[in-house]
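Computed from a prediction, not measured in an experiment: that's the story for all the values here.
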Amino acid sequence: MNNIRLTKVFDFETAHALDGYDGKCVNIHGHSYVLKVTVIGKPISDSQNVKRGMVIDFGDLKDIVKKHIINIYDHGLVLREDSRFAGIEEKHQKVIYKKYQPTCENMIIDFAEILKPLLPHGVRLHSLYLQETGNSYAEWFASDN
């Protein structure tokens, strides 16, 4: 049986600030992110399995990504733990603190680490694509790591 790659695309809105950065992104600002999650595996061949012929049900993949990434980050503010904006959650309820600088690059690494252990047996994370602006994105490939 051949390996097949499946991709599910997600959209979410998130703000962040890059503390200590030497440009405009030092200030709180937002992006309309596009996240493409690609998994790889062999289609289920068990004739008794209701998911026969699927690597993973697109709905199951959607549920995993929405629960563990989209629902957490959508319409939230991502800040480094030691951000000068720490405490802003008194006025804004959805603030996500991270140990890392919340760049597109670091966020995609974090997303990969979140998703890898959540996939069912036989399904592996192949790649992630995180578009931050219309012409800027980061990619993560399992084969590179």
Whether Gln131 side chain and Thr133 backbone form a donor-acceptor pair below 3.5 Å: yes
Identify each donor-acceptor pair in which a side-chain atom of residues 50-61 lies under 3.5 Å from a protein atom, sequence neighbours left out, and give them as a table.
residue	atom	partner	partner atom	Å
Lys51	NZ	Asp57	OD2	2.9
Lys51	NZ	Asp60	OD2	3.0
Asp57	OD1	Gly59	N	2.7

Which residues share a ring pair (Phe, Tyr, Trp, His ring centres under 6.0 Å) with Tyr33, sequence neighbours left out: Phe12, His31
Report the C-alpha separation of Val26 and Arg84 in whole Å, then their side-chain angles, then the decisive distance to 0.1 Å, and conclude whether the side-chain contact (heavy atoms from CB on, under 4.5 Å) test is met. CA-CA 10 Å; Val26 71; Arg84 71 185 192 279; 3.6 Å; yes
Audit row: Leu115, Leu128, side-chain contact (heavy atoms from CB on, under 4.5 Å) steps and yes/no: CA-CA 10 Å; Leu115 293 175; Leu128 295 175; 4.0 Å; yes
dist Thr38:OG1 -> Lys8:NZ (nearest 0.5 Å) comes out at 12.0 Å
Between Leu130 and Val34, is a side-chain contact (heavy atoms from CB on, under 4.5 Å) present by the stated rule, with each step listed? CA-CA 6 Å; Leu130 184 61; Val34 175; over 6 Å; no
Could you check whether any side-chain N or O of Arg80 sits under 3.5 Å from a backbone N or O of Asp19, counting only pairs where one atom can act as donor and the other as acceptor? yes
Look only at the side chain of Asn49 and the backbone of Ser45, and say whether a donor-acceptor pair between them is shorter than 3.5 Å. no
Whether the side chain of Asn106 engages the backbone of Tyr100 through a donor-acceptor N/O pair (distance < 3.5 Å, no angle test) should be reported. no
Under 3.5 Å: donor-acceptor pair, side chain of Asn71, backbone of Lys66: yes
Is the backbone N or O of Leu79 less than 3.5 Å from a side-chain atom of His16, with the two atoms forming a donor-acceptor pair by type? no
Could you walk me through whether Leu118 and His68 pass side-chain contact (heavy atoms from CB on, under 4.5 Å), step by step? CA-CA 9 Å; Leu118 299 174; His68 297 280; 3.4 Å; yes
Check whether the side chains of Tyr73 and Asp110 place a donor and an acceptor atom closer than 3.5 Å, and report yes or no. yes
Between Lys94 and Asp74 (side chain of the first, backbone of the second, donor and acceptor by atom type, cut-off under 3.5 Å), is there such a pair? yes
